[in-house]
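Remarks on the structure that follows.
Atom set for the values below is all heavy atoms of this structure, side chains included, hydrogens, waters and symmetry mates excluded. Each ligand, and each atom within it, is numbered from 1 in the order the structure gives.
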Amino acid sequence: MDKIEHIGIAVKNLEKSNALFASLFGKPHYKEEEVLSEGVQTSFFNSGPNKIELLAATTSDSPIAKFLEKKGEGIHHIAFAVEDIKQEIARLKEEGFTVLNEIPKKGADNKWVAFLHPKSTNGVLIELCQEIK
Ligand code: ZN
């Protein structure tokens with residue numbers, strides 16, 4: 001596993017949060033993208049070498065909607081860059097982690113993604129992401 005690729009933050013109102021984070025970082029987001037399969041609208045900000053992904057639900061039964069209901073707004077996941085996502089999934093399974101999707105899915109911002117269940121990672125949802133080349 002490589003560097004932190006981004007941190008995902010669940011928000012209720014993407015428009016308001018876009019304005020909030022734009023004023024926090026002193027510049028607007030560089031991209032907004034819907035991931036239909038996940039029922040989520042994402043928005044990406046850069047701050048120096050760091051990247052923040054805002055996530056807002058687009059359907060009431062999406063994972064983000066459920067997260068917001070249970071926990072409210074806040075940090076939703078930490079994403080790590082990986083070179084070979086399939087190999088990393090196999091390694092982590094071998095190590096006893098619960099992989100939520102063993103077949104990588106197409107995520108936002110041109111990435112293959114897979115998630116580890118927070119029950120197997122001390123309550124933190126971990127995303128693996130590999131740049132699609
Ligand atoms: Zn993410």
Quick one, Ile52 and Ser47 - any side-chain contact, counting heavy atoms below 4.5 Å? no

> For Asp109, does its backbone N or O pair with a side-chain atom of Glu33 as donor and acceptor, under 3.5 Å?
Replying inline: yes

TODO: On the 0 to 90° scale, with breaks at 30° and 60°, tag the Tyr30-Phe44 ring pair as parallel, tilted or perpendicular.
DONE: tilted

Contacts of Lys66 meeting side chain to side chain contact (heavy atoms under 4.5 Å, CB included) (sequence neighbours excluded), chain-then-number -> none

| request: Inspect the surroundings of NZ in Lys31 and state if more than 12 heavy atoms from other residues, nucleotides or ligands are less than 6.0 Å away. | output: yes

Shell check on the Zn ion (ligand 1): protein N, O or S atoms less than 2.8 Å away are His6 NE2, Glu53 OE1, His77 NE2, Glu127 OE1

Exercise. Salt bridge check: are Glu127 and Lys111 linked by an N-O gap of less than 4.0 Å?
Worked result: no

